[in-house]
**Q** 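Submitted below is the structure of interest, expressed as structure tokens.
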There are 2 protein chains.
Amino acid sequence: MPPEADKKTATDDLDVRLVRTARDETGPADAPDSTSEQPRADVGPLSRMIGYALRRAQLAVFDEVIANFAEIDLRPAQFSVLVLLNHRPGLKQSDVAAALGIQRANFVVLFDGLERRGLARRTPAPNDRRSYALFLTDAGKAMLGRASELEAKHEARLDALLGEGGRERLLELLERVAKLR
Amino acid sequence: MPPEADKKTATDDLDVRLVRTARDETGPADAPDSTSEQPRADVGPLSRMIGYALRRAQLAVFDEVIANFAEIDLRPAQFSVLVLLNHRPGLKQSDVAAALGIQRANFVVLFDGLERRGLARRTPAPNDRRSYALFLTDAGKAMLGRASELEAKHEARLDALLGEGGRERLLELLERVAKLR
DNA sequence: TTATTTTGTAGTCAGCAATAACAATTATGA
DNA sequence: TCATAATTGTTATTGCTGACTACAAAATAA
């Protein structure tokens, strides 16, 4: 089984692909796997490295956010655009991209998705025919409202984990680290 | 000069507003940040969200790590494998993948790269013909040595940013967050 | 033995970031 | 004023990474 292997690709027709919606499980009876708590494998020196710890934490948080937003089909990056545009309407693409740390080239596709779904729109900028002023549509604002509710619950859960003053301390430390850039 | 100029729904004139960045914010209000590196654009509510802050910090750290490791052509994920294998030689693929939070399917390609470069090797597992026991080669240990030096400098730089006790507090908080998983 | 689980693989797909190259538009400066 | 440089939005490409499906071989449970 390891190496070797025969070609045998072919067969690839059905493509069911279920969307994995967090929550719920094998409902009735049983549930053999007791409340699992990960053993947290020993990774040695890695556990002392900031980068490694950051990555693990970030993936954990994003996993949950993505699962939470699955029902409204919104990605974290899209959410951040909605929040920013609601906070500062009329920014142009370069501004939003820069504020979020996204390459302006990549932002185009990201925003196309929002516009295609009618959540945001491009408007000709008043003084510069090269650029657009970006705004949320009413649908976008409604979407942001729902997303914010989900987000609030998520943040509350994090606060429970972080404990008293944990959020403040964490945000402060993360901001320092981000200064590296 | 945007592409088509089709949009332009007749009745659309309102909304000229000048957009002023509401500067509520916590902390020392304005202060035309003197010697700060970046203007740190105002992203509003985003700056209070753990996920956003985590992502920014993680990207900043990885950017630097990737740049530091560029000269030895090593990716963070590869580095983590070297560290783990040096710490616990003989693990099988499933173990390493699980410990690092990588899908075992994806780990195959990752390890192939290390093996191809002669940094690590697969050895038939003693009691299980299905699996391999993984080890670093001498070249792999040498590579890990150089990488560790670069990593140490990086961590030192982070410590300078984090200040006294900063690392401990940050690691502790990140570990709690990672518990989400 | 038979059924189930584990392990390693291959392949596909999606998200996201970095880059290069362009055309239209502004800004600059001599 | 006009040639040149810088901006802005765009397209396309590449690479890393993570998630999933499907498989075959081997180990384990029933």
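Reminder, nothing fancy here: chain letters follow the sequence lines and each chain counts from 1.
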**Q** With ring pair (Phe, Tyr, Trp, His ring centres under 6.0 Å) as the rule and sequence neighbours excluded, what pairs involving residues 75-98 of chain B come up?
**A** B:F69-B:F79

**Q** Please report the distance, rounded to the nearest Å, between CZ in A:F62 and C1' in D:dA19.
**A** 16 Å

**Q** Nearest nucleotide by nearest heavy atom, which residue falls closer to the 5' end of DNA chain D, A:R55 or A:K92?
**A** A:K92

**Q** Phosphate oxygens OP1/OP2 of D:dT17: is one of them under 4.0 Å from a side-chain N or O of B:R75?
**A** yes

**Q** Counting only side-chain N and O atoms of A:Q93, is one of them less than 4.0 Å from OP1 or OP2 of D:dT10?
**A** yes

**Q** Rounded to the nearest Å, what distance is computed from the CD1 atom of residue B:I66 to the C1' atom of nucleotide D:dC16?
**A** 8 Å

**Q** In whole angstrom, give the distance that lies between atom CG of A:L74 and atom P of C:dC16.
**A** 10 Å

**Q** Output the rounded distance in Å from CZ (B:R122) to P (C:dT7).
**A** 15 Å

**Q** Whole angstroms only, please: what is the CZ-P distance between B:R56 and C:dC16?
**A** 14 Å

**Q** To the nearest Å, give me how far apart CZ (A:F79) and C1' (C:dG15) are.
**A** 18 Å

**Q** Rounded to the nearest 0.5 Å, what separation is found between the CE atom of B:M49 and the CD atom of A:E151?
**A** 5.0 Å

**Q** Same cluster or not: A:L59 versus A:L161, using hydrophobic residues (I, L, V, M, F, W, Y) connected whenever any side-chain heavy atoms lie under 4.5 Å apart?
**A** no

**Q** Does a side-chain N or O from A:Y132 land closer than 4.0 Å to OP1 or OP2 of D:dT10, or not?
**A** yes

**Q** Can you find a donor-acceptor pair, distance only, under 3.5 Å between A:R130 side chain and C:dT26 base?
**A** no

**Q** Answer yes or no: does a side-chain N or O of A:R129 lie under 4.0 Å from OP1 or OP2 of C:dA23?
**A** no

**Q** Checking salt bridge (charged side-chain N to carboxylate O under 4.0 Å, His left out) for the pair B:E172/B:R176: CA distance, chi angles, key distance, verdict?
**A** CA-CA 7 Å; B:E172 207 273 317; B:R176 290 194 187 195; 2.9 Å; yes

**Q** Take atom CG of A:D128 and atom C1' of C:dA24, then tell me their distance rounded to the nearest Å.
**A** 10 Å

**Q** Working to the nearest 0.5 angstrom, can you tell me the gap between B:L173 CG and A:E168 CD?
**A** 11.5 Å

**Q** Using the closest heavy atom to pick a nucleotide of DNA chain D for each, name whichever of A:D63 or A:S94 lands nearer the 5' end.
**A** A:S94

**Q** Of the residues in residues 99-116 of chain B, which ones touch DNA chain C at a heavy-atom distance under 4.0 Å?
**A** B:R104, B:A105, B:V108

**Q** Enumerate the residue pairs fulfilling ring pair (Phe, Tyr, Trp, His ring centres under 6.0 Å) with a member in residues 105-128 of chain A, sequence neighbours excluded, ordered by first and then second residue.
**A** A:F107-A:F111

**Q** Please report the interatomic distance CG(B:L74) to CG(B:L150), rounded to the nearest 0.5 Å.
**A** 9.5 Å

**Q** I need the CD-C1' distance between B:E64 and C:dA17, as an integer number of Å.
**A** 18 Å

